[in-house]
Amino acid sequence: MLRGLVIALLLGGNLLLVGVPVSLFGLLKPVMRGRARGLLIRFIAWMGERWVGQNNRILDAFLDTVWDVEGPDDADRDGHYLILSNHLSWVDIFVAFRVFHRRTALVRFFLKDTLRWAPIVGQAAMALDFPFMRRYSKEYLEQHPEKRGRDLETTRKSCSRFRHVPVAILNYVEGTRFTRAKHAEQQSPYRYLLRPRVGGVAFVLASLGDQLDGVYDLTVVYPGHQITMWDFATNRVPRIVVRVRRIDPPRELYTTAITEPGPVREHFKQWIDARWREKDTVIGGIVETESIPAAGRDLR
């Protein structure tokens, strides 16, 4: 309990230490133009990377968790990447930040639009150009059909900001954290994954297709555990297994046609399904094999 409280305080303090100045510098972005604005954006991203690095040092100092990580080995910090991941816990965010830290540009991921108004967190995320998305329920869309497709349009506009700025966009393709209840409700055809939601991925590919330097599949497993952030902070997660592999889609899928009904979109759905089945096999190999050796403490 004490360890968890100390970690929470230190992570919160690091958020304040970096989040406040990032938010203040972010206020300058609308009034700056040209090269000066580009330098400001890079400086704010640099501060975000310092935040990630300090979080890693805090966690390493207090936790005994072993990080069994493979990849990525061919990424470029000045590149544009799309990262597709499964989703199990809030810990996944710390995992993604850690694994890609100093290997790609600062990882950004889609946030709920309501977080825009969260003190410090929302303002810092806006300054760092995290894309926000407002999701509408099925019931709401039935009453307001004019809103249909608005969330995907927001995705497209958000991605357009990154055309000239290095970025790694993380997409949790399942759209929600995995639970056995959700798995059963969906009647998912995969053993360890929920059904993929391809809309957000499609709009990233359509918006940044000609700029993307690669697409990575991020697989995260907590062997033998379905964990919470509190489990992690209280040192009850002995090992985290991460596998990263490159899965660049066929070039014919880098087109706006994948966002509209038709043969190209169907081809894209089949491609995602094939990758998801491969990921399911990778996860199965990890959770079902007790003799996988840990790769040692990964200090990236």
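Taking the six-membered ring where tryptophan is involved, the planes of Y216 and Y81 are tilted, since the angle between them lies from 30° to 60°. Between F94 and F232, the two ring planes are tilted [angle within 30° to 60°].
A salt bridge does not link D129 with R108: none of the charged nitrogens is closer than 4.0 Å to a carboxylate oxygen. A salt bridge is absent between E174 and K182; no separation between the charged side-chain nitrogens and carboxylate oxygens falls under 4.0 Å. The residues R243 and D68 are annotated as salt-bridged, a charged nitrogen and a carboxylate oxygen being separated by less than 4.0 angstrom. The pair R275-D217 fails the salt-bridge criterion, with no side-chain N (NZ, NE, NH1 or NH2) lying under 4.0 Å from an Asp/Glu carboxylate O. The pair D280-R191 fails the salt-bridge criterion, with no side-chain N (NZ, NE, NH1 or NH2) lying under 4.0 Å from an Asp/Glu carboxylate O. In summary, D273 and R277 engage in a salt bridge, as defined by a charged side-chain N under 4.0 Å from a carboxylate O.
The cluster map of Ile, Leu, Val, Met, Phe, Trp and Tyr, joined by side-chain heavy atoms under 4.5 Å apart, puts W46 and W51 in the same cluster. Grouping the Ile, Leu, Val, Met, Phe, Trp and Tyr side chains by contacts below 4.5 angstrom, directly or via other members, places V31 apart from L39. Residues L10 and M1 do not share a hydrophobic cluster, clusters being chains of Ile/Leu/Val/Met/Phe/Trp/Tyr side chains in contact below 4.5 Å. A chain of hydrophobic side-chain contacts below 4.5 Å, direct or via other Ile, Leu, Val, Met, Phe, Trp or Tyr residues, connects V99 to W90. Cluster membership for M32 and V22, using ILVMFWY side-chain heavy atoms within less than 4.5 angstrom, is shared.
To the nearest 0.5 Å, atoms CG (D73) and CZ (R246) are separated by 11.5 Å. Interatomic distance, D76 CG to D213 CG, rounded to the nearest 0.5 Å: 7.0 Å. Atom CE of M126 is separated from atom OG of S23 by 8.0 Å, given to the nearest 0.5 angstrom. Expressed to the nearest 0.5 Å, how far CG of L253 lies from NZ of K269 amounts to 13.0 Å. Expressed to the nearest 0.5 Å, how far CD1 of I258 lies from CD of E252 amounts to 11.0 Å. Rounding to the nearest 0.5 angstrom, the gap separating the CZ atom in R50 from the CG atom in N55 is 12.0 Å.
Residues passing the side-chain hydrogen bond (donor to acceptor under 3.5 Å, both in side chains) test with E266, sequence neighbours excluded: none. Applying the side-chain hydrogen bond (donor to acceptor under 3.5 Å, both in side chains) criterion to Q123, with sequence neighbours excluded, gives no partner residue.
Remark: W230 CH2 is packed, more than 12 non-hydrogen atoms of other residues, nucleotides or ligands lying under 6.0 Å away.
Under the 4.5 Å side-chain criterion, counting only non-hydrogen atoms from C-beta, L194 is in contact with T176. Inter-residue side-chain proximity for F130 and L115 is flagged as unmet; no heavy-atom pair is nearer than 4.5 Å. Inter-residue side-chain proximity for D60 and R98 is flagged as met; some heavy-atom pair is nearer than 4.5 Å. F109 has its side chain out of reach of I83: every pair of non-hydrogen atoms, C-beta onward, lies at least 4.5 Å apart. A heavy-atom distance below 4.5 Å is found between the side chains of Y222 and I240. Within the 4.5 Å cutoff, the side chain of L63 has heavy atoms near those of the I7 side chain. For the pair R195 and W276, the minimum side-chain heavy-atom distance is 4.5 Å or more. Considering only heavy atoms from C-beta on, L218 stays 4.5 Å or farther from P72 through its side chain.
Cluster partners of L17 are absent, since no Ile, Leu, Val, Met, Phe, Trp or Tyr has side-chain heavy atoms less than 4.5 Å from it. Under a 4.5 Å side-chain heavy-atom cut-off, the cluster of Ile, Leu, Val, Met, Phe, Trp and Tyr residues that includes V165 is completed by I41. Other residues sharing the hydrophobic cluster of W117, ordered by chain and number and joined by side-chain separations under 4.5 Å: none, the residue standing alone.
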Practice task
For T228 and D231, run side-chain hydrogen bond (donor to acceptor under 3.5 Å, both in side chains): C-alpha distance rounded to whole Å, both residues' side-chain angles, the deciding distance at 0.1 Å, then the answer.
Solution key: CA-CA 5 Å; T228 66; D231 292 330; 3.1 Å; yes
Practice task
Go through the steps to decide whether N56 and F97 satisfy the test side-chain contact (heavy atoms from CB on, under 4.5 Å), and finish with yes or no.
Solution key: CA-CA 9 Å; N56 291 341; F97 276 136; 5.7 Å; no
Handout entry: Verdict with supporting geometry, R3 and T234, side-chain contact (heavy atoms from CB on, under 4.5 Å)
Key = CA-CA 6 Å; R3 187 197 308 254; T234 51; 5.8 Å; no
Exercise for the section: Tell me, with the steps shown, if Y192 and V282 meet side-chain contact (heavy atoms from CB on, under 4.5 Å). Expected result: CA-CA 10 Å; Y192 303 101; V282 170; over 6 Å; no
Practice task
Assess whether side-chain contact (heavy atoms from CB on, under 4.5 Å) is satisfied between F62 and N235, documenting all intermediate values.
Solution key: CA-CA 8 Å; F62 288 91; N235 207 32; over 6 Å; no
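The cationic group of R265 does not satisfy the cation-pi geometry with F268, failing either the under 6.0 Å distance to the six-membered ring centre or the 45° limit from the ring axis.
Residues T104 and A168 share a closest heavy-atom pair of OG1-CB, 3.5 Å. Nearest heavy atoms, A96 versus L170: CB-CD2, 3.7 Å. Taking every heavy atom of both residues into account, V215 and D248 meet most closely at N-OD1, 2.7 Å. In plain terms, the two heavy atoms of L106 and E49 that are nearest each other are N-OE2, 3.6 Å. When all heavy atoms of L111 and A125 are compared, the pair lying nearest together is CD1-CB, 3.7 Å. Shown here for S188 and L193, the closest heavy-atom pair between the two residues is OG-O, 2.7 Å.
Although no hydrogens or angles enter the test, the distance criterion places no donor-acceptor pair under 3.5 Å between the side chain of S85 and the main chain of Y172. Without hydrogens or angle criteria, T65 side chain to V237 main chain gives a donor-acceptor distance under 3.5 Å.
Among residues at least two apart or in separate chains, there is no side chain to side chain donor-acceptor pair (under 3.5 Å) pair with a member in residues 32-44.
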